[in-house]
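The structure appears below as structure tokens.
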Amino acid sequence: MSLPTGFVFLPEFLDVEEEERLVSFIRTLEFKSFQMHGVTARRRIAHFGWHYSFESFRVTEADPIPEAFLPVRARAAALAAVAPDEFAEALVTEYQPGAGIGWHRDAPPFGIVAGISMAGACRMRFQRGKGAEREVTAIELPPRSVYLLTGEARSRWEHTIPATKALRYSLTFRTMKRRAS
């Protein structure tokens with residue numbers, strides 16, 4: 001089976017030096033435990049620009065996106081054909097070995113998703129439908145790669161990252177959906 005329509009993937013988005021600089025900077029961040037419905041996940045996160053709460057389902061302002069992320073945000077925005085500042089939220093996720101994330105779609109207030117993998121590799125799986133109609137596919141995300149979730153890949157498919165084998169960082173940029181006035 002092929003990957004979902006609207007999924008874009010580039011394996012060598014970062015060069016080795018860019019990845020090293022970003023990982024060095026990321027290691028200086030203050031990560032927080034991630035909780036959802038009272039359960040603490042094995043991954044840790046740092047939000048910038050905006051923060052979505054899974055407890056209140058509200059978006060609130062977070063610290064500004066760090067300068068160190070702006071050049072890579074601009075390149076991800078060019079790939080997504082949006083202005084760099086449209087990627088208004090940045091989420092850094094630290095996956096220690098054995099950490100993953102269950103089946104989900106990114107939170108409803110967000111639009112286009114750009115994810116950059118660093119340090120370790122992982123597998124990203126996709127699913128849609130239930131029972132006999134269920135479709136499943138997957139891709140390996142090596143370090144320094146980028147993916148975009150747009151169109152059906154964003155709106156009709158769920159995705160998961162099974163438990164990682166090695167330390168991995170993900171830098172995710174997301175656009176905000178426009179609110180009706």
Side-chain angles (χ1 to χ4, degrees), residues 1-14 18-19 22-23 25-27 29 31-55 62 69 72-73 75-76 79-80 87 89-130 134-175:
M1 161 174 266
S2 61
L3 292 163
T5 302
F7 180 80
V8 176
F9 174 73
L10 289 176
E12 291 291 330
F13 182 70
L14 301 176
E18 281 178 303
E19 180 189 34
L22 284 166
V23 168
F25 176 75
I26 287 168
R27 287 183 173 148
L29 298 176
F31 285 94
K32 294 185 167 92
S33 296
F34 178 78
Q35 290 199 340
M36 186 170 186
H37 308 299
V39 176
T40 301
R42 294 185 67 183
R43 65 191 183 280
R44 298 187 317 150
I45 58 172
H47 284 274
F48 300 97
W50 295 99
H51 174 266
Y52 180 78
S53 169
F54 286 94
E55 302 302 322
F69 296 159
V72 72
R73 179 181 79 164
R75 290 193 9 247
L79 181 64
F87 276 134
E89 193 251 7
L91 171 66
V92 182
T93 306
E94 176 192 75
Y95 293 87
Q96 289 288 334
I101 185 169
W103 289 109
H104 71 285
R105 283 188 192 95
D106 283 44
F110 300 111
I112 297 170
V113 177
I116 301 161
S117 294
M118 291 171 279
C122 73
R123 185 167 180 80
M124 185 177 208
R125 298 181 64 214
F126 296 90
Q127 74 174 0
R128 74 172 173 183
K130 303 275 187 220
R134 182 174 182 235
E135 299 174 71
V136 180
T137 188
I139 186 171
E140 296 295 320
L141 302 177
R144 298 182 300 285
S145 65
V146 65
Y147 66 83
L148 298 179
L149 297 177
T150 70
E152 285 192 13
R154 170 71 178 97
S155 64
R156 299 198 51 204
W157 291 77
E158 293 182 318
H159 58 277
T160 184
I161 304 287
T164 58
K165 292 183 169 79
L167 174 66
R168 174 180 179 261
Y169 294 103
S170 174
L171 173 56
T172 304
F173 296 108
R174 299 189 277 204
T175 63

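Looking at residues two or more places apart in sequence or on another chain, you find no salt bridge (charged side-chain N to carboxylate O under 4.0 Å, His left out) involving Arg154.
Heavy-atom minimum distance, Ala119 versus Pro143: O-CG, 3.4 Å. In plain terms, the two heavy atoms of Phe87 and Ala80 that are nearest each other are CZ-CB, 4.0 Å. Taking every heavy atom of both residues into account, Val72 and Phe69 meet most closely at CG1-O, 3.2 Å. Nearest heavy-atom pair across Ala76 and Phe13 is N-CZ, 3.5 Å. Here the closest non-hydrogen pair linking Pro4 and Thr137 is CD-CG2, 3.9 Å. When all heavy atoms of Leu3 and Ala138 are compared, the closest pair comes out as CD2-O, 3.8 Å.
The CE atom of Met118 sits 12.0 Å away from atom CG of Leu141, with the distance rounded to the nearest 0.5 Å. To the nearest 0.5 Å, atom CD1 of residue Ile45 and atom OG of residue Ser170 are 11.5 Å apart. Distance check, rounded to the nearest 0.5 Å: CD1 of Ile116 to CD of Glu18 gives 9.0 Å. Atom NE2 of His47 sits about 6.5 Å away from atom CD of Glu89, to the nearest 0.5 Å.
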Can I get a per-line list of side-chain donor-acceptor pairs under 3.5 Å for residues 144-151, giving both atom names and the distance, sequence neighbours left out?
unit_1, atom_1, unit_2, atom_2, d
Arg144, NH1, Glu19, OE1, 3.0
Ser145, OG, Pro142, O, 2.6
Thr150, OG1, Gly6, O, 2.8

Tell me which donor-acceptor pairs under 3.5 Å the side chains of residues 90-103 have, and how far apart each pair is, sequence neighbours excluded?
unit_1, atom_1, unit_2, atom_2, d
Glu94, OE1, Arg44, NE, 2.7
Glu94, OE1, Arg44, NH2, 3.2
Glu94, OE2, Arg44, NH2, 3.3

Inset, instruction - Please report the C-alpha distance between Leu171 and Tyr169 in whole Å, then the side-chain angles of each, then the deciding distance to 0.1 Å, and finally whether the side chain to side chain contact (heavy atoms under 4.5 Å, CB included) criterion is met. - result: CA-CA 7 Å; Leu171 173 56; Tyr169 294 103; over 6 Å; no
Legend entry - Stepwise side chain to side chain contact (heavy atoms under 4.5 Å, CB included) check, Thr5 with Trp157: CA-CA 10 Å; Thr5 302; Trp157 291 77; over 6 Å; no
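Cation-pi geometry between Arg174 and Phe110 is met: under 6.0 angstrom from the ring centre, within 45 degrees of the axis.
Sorted by first and then second residue, the pairs that involve residues 111-129 and meet salt bridge (Lys or Arg N to Asp or Glu O under 4.0 Å), not counting sequence neighbours, are Arg123-Glu140, Arg128-Glu135, Arg128-Glu152. Residues in residues 107-122 take part in no salt bridge (Lys or Arg N to Asp or Glu O under 4.0 Å) pair, two or more places apart or across chains. Residue pairs meeting the salt bridge (Lys or Arg N to Asp or Glu O under 4.0 Å) criterion with at least one partner in residues 157-169, sequence neighbours excluded, are absent.
In this structure, Phe7 and Phe126 have perpendicular ring planes: the angle between them is above 60°, well past the 30° mark.
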